[in-house]
Structures are given as C-alpha cells and as structure tokens.
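Heads up: the structure comes next, in structure tokens.
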Amino acid sequence: MSIELSDEQLKVFNKSGKFVVSACAGSGKTFTISKKLAHLIKNNSHRHQGVATISFTNVAWKEIRDNLNEWNIFVDYPHFLGTIDHFINNQIFFKYYY
C-alpha cells in the first residue's frame, strides 16, 4: 500500500539542500523524512557523497531505519542516519581526538 503525502509533506519532500523539519507530534515528520531519504538514496549517483539524516532522538532515527528497511533500502556508506550525538562522536570527536 502506498501512502500519499499531504501538501505540507510534499513541500518537505520536494525541498533541496540542507534544511530542518520542525512540526508538531504526529504530523508525519518522520514518515516524510523516511520517504525523502529513500528517494535520495535510490537516486544517489555519487560514490563518496551521501546524505546525513540527523535526529535528536533514538526513537526517530530507528523509525526512519525501520521504514527504509521495510522498503528494502539500507543506509550505509556514504550516508549517515542517527542522532546528533552519534554523528558528533563518530564523525568528528573520535576521528580527531588524540
């Protein structure tokens, strides 16, 4: 079953570049980001350029991951999906801290 996106969700889906999504609970943010990320991963033609999808909570990134897995899309290099803490620790702090 394919779920249609609302007009507001389509605005997020069709956006390009860097952006932040902020909306009330239950508005479909996570589902919309899942659809957007799936589209970006499927259409990525750059071997070493990816998409960083950063959440404040473990619940949100895991829901995105589960949605993608359900659609047979798996996030791996060069893409990143996780919390802001995980991104900072693994991509910045641990790589350069000595």
Side-chain angles (χ1 to χ4, degrees):
M1 174 171 70
S2 176
I3 298 174
E4 296 292 323
L5 297 176
S6 70
D7 290 340
E8 290 298 314
Q9 290 171 319
L10 279 171
K11 287 179 187 176
V12 172
F13 184 84
N14 291 322
K15 215 160 171 46
S16 62
K18 299 169 185 77
F19 59 93
V20 174
V21 177
S22 179
C24 65
S27 63
K29 294 180 298 290
T30 306
F31 180 77
T32 304
I33 294 301
S34 299
K35 288 285 226 181
K36 175 78 172 177
L37 184 56
H39 174 76
L40 291 172
I41 289 173
K42 286 195 299 189
N43 294 297
N44 183 37
S45 61
H46 303 286
R47 221 175 112 174
H48 298 293
Q49 293 180 4
V51 178
T53 305
I54 301 172
S55 167
F56 287 105
T57 67
N58 285 318
V59 172
W61 81 260
K62 288 178 181 177
E63 184 179 333
I64 294 168
R65 179 202 58 201
D66 293 346
N67 286 339
L68 294 175
N69 289 349
E70 186 176 314
W71 303 327
N72 291 316
I73 298 170
F74 304 95
V75 178
D76 57 3
Y77 178 86
H79 309 292
F80 174 84
L81 173 61
T83 63
I84 191 164
D85 290 335
H86 185 222
F87 182 82
I88 290 169
N89 285 339
N90 289 305
Q91 301 300 317
I92 299 168
F93 184 71
F94 294 142
K95 279 188 175 182
Y96 304 105
Y97 176 74
Y98 291 100

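When a residue number appears, it is its place in the shown sequence, counting from 1. Hydrogens, waters and symmetry mates play no part in the numbers below; they use all other heavy atoms, side chains included.
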With rounding to the nearest 0.5 angstrom, report the [atom1] to [atom2] distance, [X] to [Y].
| X | Y | atom1 | atom2 | answer |
| --- | --- | --- | --- | --- |
| Arg65 | Asn58 | CZ | CG | 9.5 Å |
| Lys15 | Leu10 | NZ | CG | 13.5 Å |
| Asn72 | Phe74 | CG | CZ | 5.0 Å |
| Ile84 | Asn89 | CD1 | CG | 10.5 Å |
| Leu5 | Lys36 | CG | NZ | 11.0 Å |
| Arg47 | Tyr77 | CZ | OH | 8.0 Å |

Practice task
Locate the shortest heavy-atom distance separating His46 from Pro78; write the atom from each residue and the value.
Solution key: O-CG, 4.3 Å

Problem - Nearest heavy-atom neighbours spanning Ala38 and Trp71 - result: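 The pair with the smallest heavy-atom distance is CB-CE3, 4.0 Å.
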
With hydrophobic residues grouped by side-chain heavy-atom distances under 4.5 Å, do [X] and [Y] end up in a single group?
| X | Y | result |
| --- | --- | --- |
| Phe13 | Val75 | yes |
| Phe31 | Phe19 | yes |
| Leu37 | Val21 | yes |
| Ile54 | Leu68 | no |

Determine yes or no for a side-chain-to-main-chain donor-acceptor pair under 3.5 angstrom, with [X] supplying the side chain and [Y] the backbone.
| X | Y | answer |
| --- | --- | --- |
| Lys29 | Ala60 | no |
| Asn44 | Gln49 | yes |
| Lys62 | Thr57 | no |

Practice task
Under the salt bridge (charged side-chain N to carboxylate O under 4.0 Å, His left out) rule, collect the residues that match up with Lys11, sequence neighbours excluded.
Solution key: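 Lys11 satisfies salt bridge (charged side-chain N to carboxylate O under 4.0 Å, His left out) with Glu8 only.
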
Problem - Residues forming a side-chain hydrogen bond (donor to acceptor under 3.5 Å, both in side chains) with Thr32, sequence neighbours excluded - result: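 Scan of Thr32 (side-chain hydrogen bond (donor to acceptor under 3.5 Å, both in side chains), adjacent residues dropped) gives Gln9.
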
Exercise for the section: Could you give me the CA-CA distance, side-chain angles and deciding distance for Asp66 and Glu70, then say whether side chain to side chain contact (heavy atoms under 4.5 Å, CB included) is met? Expected result: CA-CA 6 Å; Asp66 293 346; Glu70 186 176 314; over 6 Å; no

Problem - side chain to side chain contact (heavy atoms under 4.5 Å, CB included) evaluation trace for Trp61 with Thr83 - result: CA-CA 7 Å; Trp61 81 260; Thr83 63; 3.6 Å; yes

Exercise for the section: With side chain to side chain contact (heavy atoms under 4.5 Å, CB included) as the test, would you mind laying out the steps for Val51 and Ile41 before giving the verdict? Expected result: CA-CA 8 Å; Val51 178; Ile41 289 173; 5.5 Å; no

Practice task
Quick one: list whatever passes ring pair (Phe, Tyr, Trp, His ring centres under 6.0 Å) with Phe87, sequence neighbours left out.
Solution key: Phe80

